[in-house]
Amino acid sequence: MALTNFVQAINQALFEEMERDPLTFVMGEDVVLSAFGATKGLIDKFGPKRVRNTPIAEAGFVGAAVGAAMAGTRPICEVEFASFFYCAFDQVCNQAAKLRYMSGGQARLPLTFRCVFGAMGGAAAQHSETVYAQFLSVPGLKIAVPSGPADVKGLLKSAIRDDNPVIVFEHGALGRLREEIPAGDYLVPLGKAAVKRPGDNVTVVAIGAMVPKALKVADKLAKENVSVEVVDPRTLIPLDEETILASVEKTNRAVVADEGHLRGGAATDLAAMIAEKGFDFLDGPVRRVTSLDVPIPFSPPLEKAAIADEARIEAAIRELVGRR
Amino acid sequence: MALTNFVQAINQALFEEMERDPLTFVMGEDVVLSAFGATKGLIDKFGPKRVRNTPIAEAGFVGAAVGAAMAGTRPICEVEFASFFYCAFDQVCNQAAKLRYMSGGQARLPLTFRCVFGAMGGAAAQHSETVYAQFLSVPGLKIAVPSGPADVKGLLKSAIRDDNPVIVFEHGALGRLREEIPAGDYLVPLGKAAVKRPGDNVTVVAIGAMVPKALKVADKLAKENVSVEVVDPRTLIPLDEETILASVEKTNRAVVADEGHLRGGAATDLAAMIAEKGFDFLDGPVRRVTSLDVPIPFSPPLEKAAIADEARIEAAIRELVGRR
Amino acid sequence: MEQLGKELLLDLYHTMVRIRAFESRVRDLAMANEIPGFVHVSIGEEASATGVCAAMRPTDRITSTHRGHGHLIAKGGRVAQMMAEIYGKRTGYCKGKGGSMHIVDFSLGILGANGIVGAGLPIATGSALAAVIAGRDDVTACFFGDGASNEGTFHESLNLAAVWKLPVVFVCENNGFGEFTPMQTVTSVQDIAVRAKAYDIPGLIVDGNDVVEVYRNASEAIARARAGEGPTLLECKTYRWEGHVVGEQAFLGTGAYRSEQEVEEWKKRCPLIRFEKFAAESGKISAQELKKIREETEAELEAAVKFARESPLPDPSEVTDDVYQ
Amino acid sequence: MEQLGKELLLDLYHTMVRIRAFESRVRDLAMANEIPGFVHVSIGEEASATGVCAAMRPTDRITSTHRGHGHLIAKGGRVAQMMAEIYGKRTGYCKGKGGSMHIVDFSLGILGANGIVGAGLPIATGSALAAVIAGRDDVTACFFGDGASNEGTFHESLNLAAVWKLPVVFVCENNGFGEFTPMQTVTSVQDIAVRAKAYDIPGLIVDGNDVVEVYRNASEAIARARAGEGPTLLECKTYRWEGHVVGEQAFLGTGAYRSEQEVEEWKKRCPLIRFEKFAAESGKISAQELKKIREETEAELEAAVKFARESPLPDPSEVTDDVYQ
Ligand SMILES: Cc1ncc(C[n+]2csc(CCOP(=O)(O)OP(=O)(O)O)c2C)c(N)n1
Ligand SMILES: Cc1ncc(C[n+]2csc(CCOP(=O)(O)OP(=O)(O)O)c2C)c(N)n1
Ligand SMILES: [Mg+2]
Ligand SMILES: [Mg+2]
């Protein structure tokens, strides 16, 4: 079976879902030519009515996606870089997230946002940020952070079919990651974590691009008979607490690894949950491996110093298994 | 000595700092007449050049405040309700927070934002939110959440004199809270927590409007010989971890109470820090008392059900002291 | 006026009377602290909501604002469920979760009032886009104020609607103020309609207190939209008789930002009285007919308030419903 | 042209040559993967940055964009420190923290390039407000593109600057594209300058490849601003010769969104060649003088690249510096 890369997987999901439902359409900046390739070719198959280049006006087109969802269509709205969401926060946080609740359940918002995020080498502070932390505290949204081709395809397809606003965060550095994707109409449910590698000594809950990094570390430590279980939550909202806690109950040690910042970040959110609900399982503190709390710098050595990496995951694991 | 209420304290701070520095000025929607009263009278003393009603254009005037700060003045910018920040997130998160770092330290941003936040009775989802959680993960900002008149005066004055962007969150329900404020040029440093009430059995780290609630609970439980220490961080960034951890080291039990949401919220952020750095002090999990993860509903019984209150703080304390 | 049929004329009047009666009640009930939260009423501005919505089909949609009661009533909103919502009752349109600023009735194409100034413009634009995507011929009308026309969403929405020729009518109700700030002190143009030039779309100025003129102009704009000729910016010049928010006198006093005399001047241009004059002149409609409408409406409102008062509050357990589908 | 002194004319040329040389180097170095991250060059657009900044004082300020090298050089930015920054070196303007999209030189009134489209407009507006607050007479120029003119910040900033009569000049460099999207497919007007009508301010269209015309019009706009007469919207029609981002051909191929022929047509209108013709016709300036400038500039750039290459990278420990004052 052929290997598919991350971007091709997104592209497949879009083709399949647009094929499936004539009320779906894609809108965003340069989705016709598609700089990153995710929407490539859609224009030829679905035409300009359903594949729309927008003006550079995030509040306008993100808000329009919200309105289009409320008026009976199923928009798939691309925000080129996650940090451009800042220009449309009202539309996402005050409108998309709240309208169903404020209307007493009348509003239906079958709405999917896609964005590229994360450090991808010298893109600097305004193009390297991990923005999902800012959405964690906004009830009404769902948040998916796929770590590989199969997951991004399955999660994106589920997101498009979901009747709530879902934001799919696609890490820019995963673009060329390749793997096999199960044939057919492959769906990954929102809210189901995946144990990417079973282990006994320590649980590493890894998010997005940290999953392949955690797996590398797990391979390395296996040679030293340190058995690492890698759990990928896959969606941050809804969160599969059960799978995460079951793993920690088994290993009694937890590291949470995320590329976002420490303060108010996703790693902090999961660590607090594990530390509270898994208190009686834990032999040591839940260690958080995150990027430094600085804007992401441009220069490669600085960027490397800022971003969470294998070395920090490894150090956190060693510290935990080394305790008593 | 006279009692001063929360809004009067803000007003005093503004008069004193505008008096002190001719390069300070106030801008925002209806700051001339001042719906909440915080900027009342400034126009008469400082005139229309330094007290400016803006158009309803948050991105524009918040961004203008950023530019004015970079160009040698010291803006005090009011955003009427915290949730209107969503309309200006780029200006706060991508510009104000990052410009100093991205410029290698060249940009100086003596910039203060003030906003009213929180549930104040039937204001509904778009006017009741606790938005500071969304700023916790944005390095470069400072965040103050005063819990009473003296603190809001002292913190706001420090914020105005600080050369970094500081957001002061003023809880709308504290407006009429009255207390004595020390005479003279009263400053409260950013980054210094306050032990609002000493105790031995359990630490309640309470934020903003949860502080008076926590103190009420502490009074009540004192009668049952449960001694509660109430710690008010006062600023979330910078965070006085030392004072918080010292308290937990003494009490071995911690509750964090915040009006924000649970997922990705400030209570979760502080709880994760305490659980990790205070792991060896803790006799039980750090309990988080927050509002429910729902948009804040309009109807009073629903709002009451959604918002963190004394009863939940009390229950969390009882559960912890009841353990083993 | 002649061209308009009597039934339509009576409907226009009935709607304006209903809005006036509803808002007067809400104002009084809010002053009596029977209603929680902030309420914003549009007394004196009834003609714009009425004229625009009368030109729409049931399958057409609107977006509204924080000052939305009139728009909702004009689009067919049921006053009893509106009142119950404003009371925070379970029988309200939003089961008490929304309140005055968030009333929605999807079955009537009312996408909602909104607490965020300018938020309705992109939503209305997207609603119009949905019609194009789905191949339907429905039109969306977007109500917003003079203050909202300074928000970036105004610019981004009108540009988007113009380049995509979307079936949407942008209705600016220019009542001269944003909260307590006179429009001209924060707005670079005298007429918001001028801004249509920035999008190469028609910009019309109408007397917002003349329901028939509003109806006529809205009908043309809606017809253009339905025909695929794109958006129109329709500015209705009007005035807010009451405070920005009910009860503002308590903290501002009166005359804080406008003279009593200015308010009185505008009250002389009351859209209802004006219509009554037209009706009399037209000879088509008798004073009795109008009186009957007013009386029926009073009874209707009496019943609505009774319904709201007697309805149950939501149960606290409902707080977690409706966050997700 | 006659009215302009020879020294000024030579300066204009020198600046354009310096921009062209700098950007050509950056393009080549980026293609050779010597430079990390994205780079956007403005080759073909040198006249607008040059003409506007030549009309400014050292104490005046500018805001720039993701395509900012030209603006920075025109305002006096030192090419060695710019190049070092683009290389991510400690000797760069931002100690390597910013890179191509974030170069700043406060000492020269350069408030910064910006990676966010449209973000410079409110900042420039605030910079102009600061002059008013502080009682200074400096002016701020704000560079942005045709694409940025569709952002809400454009609308909010121009309205704010207009109502407060702020000393700012909004310079729209209309190069016909936003990334790979032709301007007319996403912009409701042919001329961005038309949008000045929405703010009741002057809107001027100039040939953005004619440095002298840009200089003249910018001088007038800046004089108006300095005199307290408020903002101007100055649209410079120009064209981007290179890709939106250096290296885009690798993923788009060539001719993906515009024809080679269109590009060639515009290259005929090269602002440098055009100036050279003017100079020759004027008789005031000899070919030798221009040649000398080009040669000096080549040497200057050679030295800048050498400086950048030989400069040290920042030490990882510097990563936590400069977050807070
Ligand atoms: C984004 C945002 N900013 C500010 C407010 C506070 N606010 C509520 S209504 C209002 C005035 C709106 O003026 P206008 O658009 O003219 O409508 P009007 O109230 O006159 O009907 C303001 C500033 C808000 N609700 N949302
Ligand atoms: C808010 C925001 N949206 C989108 C982008 C991605 N982007 C970078 S440059 C660009 C095109 C800008 O076009 P224009 O303003 O005409 O400037 P030009 O590149 O033509 O000089 C876009 C869409 C961005 N950086 N910021
Ligand atoms: Mg108004
Ligand atoms: Mg352009």
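Lettering of chains follows the sequences in order, A, B, ..., and the numbering in each one begins at 1.
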Centroid-centroid under 6.0 Å between [X] and [Y] rings:
{"X": "C/His66", "Y": "C/Phe38", "answer": "no"}
{"X": "B/Phe36", "Y": "B/Phe81", "answer": "yes"}
{"X": "B/His171", "Y": "B/Phe117", "answer": "yes"}
{"X": "B/Phe135", "Y": "B/Tyr132", "answer": "no"}
{"X": "C/Tyr93", "Y": "C/His102", "answer": "no"}

With a 4.5 angstrom heavy-atom cut-off, could you sort out which part of [X] is near chain C: side chain, backbone, both or neither?
{"X": "B/Leu292", "answer": "side chain"}
{"X": "B/Glu303", "answer": "neither"}
{"X": "B/Lys304", "answer": "neither"}
{"X": "B/Ser128", "answer": "neither"}
{"X": "B/Ala123", "answer": "both"}

Note to self: With a 4.5 angstrom heavy-atom cut-off, is it the side chain or the backbone of C/Leu252 that approaches chain B, or both, or neither?
What the structure shows: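 Only the side chain of C/Leu252 comes within 4.5 Å of chain B.
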If you tally heavy-atom pairs under 4.5 Å against chain B, which of [options] wins?
{"options": "C/Asn114, C/Thr187, C/Ile35", "value": "C/Asn114"}
{"options": "C/Asn150, C/Val117, C/Thr181", "value": "C/Thr181"}
{"options": "C/Ser317, C/Ala256, C/Pro314", "value": "C/Pro314"}

Note to self: Can you tell me how far apart NZ (C/Lys97) and CG (B/Leu302) are? Round to the nearest 0.5 Å.
What the structure shows: 6.0 Å
Check: After noting the C-alpha distance and the side-chain angles of B/Asn5 and B/Leu177, does the key distance pass the side chain to side chain contact (heavy atoms under 4.5 Å, CB included) rule?
Finding: CA-CA 5 Å; B/Asn5 77 27; B/Leu177 187 71; over 6 Å; no
Margin query: Which one wins on heavy-atom pair count under 4.5 Å against chain C: B/Val294, B/Asp293, B/Val32?
Written below: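 Winner by heavy-atom pair count: B/Val294.
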Next item on the list: Go through B/Gly122, B/Ser299, B/Ala306, B/Ala124 and name the one with the most non-hydrogen pairs under 4.5 angstrom from chain C.
Entry: B/Ser299
